[in-house]
Amino acid sequence: MKLDSYWLDTAPPLVSACEGPVEGQADVVVIGGGFTGLSAAQALGKRGASVTVLDAGRIGGGASGRNGGQVNTGVAQDFVALVAQLGVERASACYRAFSDAVDTVERLIREENIDCNYSATGKLKLASKPHHLAHLEKTAELIRREVDTDIELIGRERIRSEIQSDSFYGGLLQRHGGQMHMGKFTVGLADAAVRRGAKLYENAAVTAIAKDGAGFKVTTARGEVRAKQVLIATGPSRHGPFGWYRRRLAPVGSFIVVTEPLAPELLAQVFPNRRAYTTTRLMHNYFRVTPDSRLLFGGRARFTASERPSDAKSGRILQQGLAAMFPMLANARIDYCWGGLVDMTADRLPHAGQHDGIYFSLGYSGHGTQMSTHMGQVMADVMDGHEERNPWRESEWPAIPGHTGKPWFLPLVGTYYRIKDIFY
Ligand SMILES: Cc1cc2nc3c(=O)[nH]c(=O)nc-3n(C[C@H](O)[C@H](O)[C@H](O)COP(=O)(O)OP(=O)(O)OC[C@H]3O[C@@H](n4cnc5c(N)ncnc54)[C@H](O)[C@@H]3O)c2cc1C
């Protein structure tokens with residue numbers, strides 16, 4: 001079993017990153033080479049800006065290359081709860097922003113000719129308990145009435161035509177969106193940014209940002225670069241001069257296992273429509289079939305950071321969950337196991353704008369393959385003076401109470417969720 005991301009392991013190599021020191025002057029320095037940063041670099045380059053992208057490690061080596069492979073519409077949290085929290089107008093605007101984000105991913109794949117096995121399968125949210133289905137029914141009614149008619153509630157009597165498992169009582173199908181190979185998309189987007197003139201640097205961790213005349217001086221492990229504008233696209237970075245952001249983000253670990261390739265007849269029986277699947281539990285699971293017929297199965301497993309040796313422990317918990325849900329796959333060999341950090345915010349909504357003259361887009365809360373790509377494009381507009389294009393411009397972003405930058409509270413939250421799941 002490899003303790004590595006399947007997406008990164010099976011992606012083509014990135015050959016377009018720069019060698020040599022980080023130096024000189026750029027219109028924009030983008031910190032972080034995930035989907036937010038690469039998409040921003042592509043869009044900024046397209047409008048003629050010179051862009052330098054700096055990543056602490058491998059381009060796409062953060063959440064963008066380590067996720068569940070789903071590109072879903074809809075908000076990260078329950079839509080009924082979001083309406084109660086924000087009102088129907090604002091909640092619907094949030095929902096629409098995610099639909100726009102799916103469109104952005106599809107447009108970029110088309111425009112930049114990115115070969116990444118995109119498949120518009122929709123997402124099926126599976127009810128893990130009978131009363132969860134009742135809630136999904138209420139959610140479906142509200143979504144259909146307010147914001148999206150391209151959805152379908154699948155009752156208990158039909159759920160077996162979607163998935164062969166005794167664990168589910170029905171589901172909510174949201175047709176917009178789908179799934180793709182995240183490693184191939186990363187490399188395709190990075191190459192597109194380079195074609196638009198961006199310079200990409202790996203292993204260039206940013207250690208300081210200082211004001212420099214009307215712009216900024218950005219110091220990295222590989223040298224210094226000056227820029228008129230800076231965009232922070234680091235996800236839940238645990239190093240570098242990002243304390244203000246760290247106090248607003250909880251870096252929550254999420255873990256994934258991938259099986260050996262499975263027989264096509266077995267897959268056709270268990271997952272006939274090969275959708276992107278999630279479950280309704282608080283400690284929920286997400287899964288899908290990969291382009292080469294493996295089952296990718298993820299979940300929170302444990303409230304802990306992702307570290308290589310302990311990822312295997314999370315992997316064993318996931319393997320048990322997979323076997324309980326799909327007994328016919330219990331003996332499938334696990335070929336990959338890895339973890340990543342989700343940049344969770346208190347309201348589970350993204351936050352983007354400007355702080356101390358520096359632009360940022362962060363906090364996708366585990367629902368960000370589409371939104372990070374979209375926000376890269378949006379931030380290029382915002383940095384060009386079009387603040388009104390930012391769908392998150394009106395949200396306040398206070399620090400998480402008691403959060404000093406180190407997420408000491410995560411094990412407590414994990415225990416709380418596990419207990420709550422029993423009664424939920
Ligand atoms: C296990 C897992 C499963 C997920 N599943 C899904 C899913 O199925 N669907 C979905 O929509 N979303 C999912 N997500 C969320 C989604 O992957 C992210 O929201 C999205 O990829 C965020 O992209 P990003 O570019 O903002 O951040 P990242 O991809 O994390 O990129 C940030 C980059 O910044 C770099 N960086 C950090 N600090 C510094 C520094 N000091 N200097 C320079 N560079 C730095 C990092 O090295 C990293 O490469 C998942 C996340 C995880 C972890």
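This structure is a prediction, so every number in the text was calculated from the model and none was measured. Residues: numbered from 1 along the sequence shown. Order of listing sets the numbers, starting from 1, for every ligand and every atom in it.
- Looking from atom 3 (C) of ligand 1 to the surrounding protein, the closest heavy atom is Asn67 CA, 3.2 Å.
- Contact annotation: for Leu362 versus ligand 1, there are no heavy atoms closer than 4.0 Å.
- By the criterion of a heavy-atom distance under 4.0 Å, the backbone of Leu54, and not its side chain, is placed next to ligand 1.
- At least one donor-acceptor pair closer than 3.5 Å links the side chain of His181 to the backbone N or O of Gly183.
- Residue Ile256 has no N or O atom closer than 3.5 Å to an N or O atom of ligand 1.
- Classified by interplanar angle (parallel below 30°, tilted 30° to 60°, perpendicular above 60°), the ring pair Tyr336/Trp338 is perpendicular.
- Residue-to-ligand polar distances place Gly368 within reach of ligand 1: an N/O pair is separated by less than 3.5 Å.
- Heavy atoms of Ser64 found under 4.0 angstrom from ligand 1 belong to the backbone as well as the side chain.
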Taking it one step at a time, do Phe287 and Ile163 satisfy side-chain contact (heavy atoms from CB on, under 4.5 Å)? CA-CA 12 Å; Phe287 44 95; Ile163 195 151; 3.7 Å; yes
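- The only member of Asp103, Thr36, Thr104, Asp100 that meets side chain to side chain donor-acceptor pair (under 3.5 Å) when paired with His374 is Thr104.
- Contact analysis puts Phe242 in contact with ligand 1, with a non-hydrogen atom separation below 4.0 angstrom.
- By the 4.0 Å heavy-atom criterion, Asn72 is excluded from the residues contacting ligand 1.
- Contact annotation for Arg238 and ligand 1: no heavy atom of the residue comes within less than 4.0 Å of the ligand.
- Counting only heavy atoms of the protein, atom 5 (N) of ligand 1 lies nearest to Gly68 N, 2.9 Å.
- Close N/O approach between Tyr364 and ligand 1 is not found [any backbone or side-chain N/O within under 3.5 Å].
- Note: an N/O pair closer than 3.5 Å links Gly366 and ligand 1 by distance alone.
- Between the side chain of Ser92 and the main chain of Val147, no donor-acceptor pair closer than 3.5 Å is present.
- For the side-chain contact (heavy atoms from CB on, under 4.5 Å) criterion with Thr280, the lone passing option out of Leu136, Leu126, Thr139 is Leu136.
- Using a 4.0 angstrom heavy-atom cutoff, Gly298 does not count as in contact with ligand 1.
- Using a distance-only test at 3.5 Å, with no hydrogens or angles considered, a donor-acceptor pair links the side chain of Asn285 to the main chain of Gly298.
- Using the six-membered ring where Trp is involved, Trp397 and His351 have ring planes that are parallel, under 30° apart on the 30 and 60° scheme.
- Of all the atoms in ligand 1, the ones that sit under 4.0 Å from a non-hydrogen atom of Gly69 are 8 (O).
- For Gly61, no nitrogen or oxygen atom sits less than 3.5 Å from a nitrogen or oxygen atom of ligand 1, counting backbone and side chain alike.
- Polar contact check, Ser361 against ligand 1: no nitrogen or oxygen pair lies under 3.5 Å apart.
- Among all non-hydrogen protein atoms, the one lying nearest atom 52 (C) of ligand 1 is Val342 CG2, 3.8 Å.
- On a distance-only criterion, Phe35 and ligand 1 share at least one N/O pair closer than 3.5 Å.
- For atom 42 (N) of ligand 1, the closest non-hydrogen atom of the protein is Val206 N, 2.8 Å.
- For atom 43 (C) of ligand 1, the nearest non-hydrogen atom of the protein is Ala56 N, 3.2 Å.
- In this structure, Ser365 contributes its side chain and Thr345 its backbone to a donor-acceptor pair below 3.5 Å.
- Aromatic rings of Phe185 and Phe35 (six-membered ring for Trp) have centroids within the 6.0 Å cut-off, being under it.
- In terms of protein heavy-atom proximity, atom 49 (O) of ligand 1 is nearest to Asp55 OD2, 2.6 Å.
- For Ala276, no heavy-atom contact with ligand 1 is shorter than 4.0 Å.
- Looking only at distances, no side-chain donor or acceptor of Arg222 sits under 3.5 Å from a matching main-chain atom of Tyr201.
- The option with the heavy atom closest to atom 7 (C) of ligand 1, from among Arg66, Arg58, Gln70, is Gln70.
- The N/O atoms of Ala63, backbone and side chain alike, include one that comes under 3.5 Å of an N/O atom in ligand 1.
- Side-chain atoms of Tyr359 and Asn390 include no donor-acceptor pair closer than 3.5 Å.
- In this structure, His355 and Trp244 have parallel ring planes: the angle between them is below the 30° cut-off, well short of the 60° mark.
- Aromatic pair Phe242/Phe360: centroids not less than 6.0 angstrom apart.
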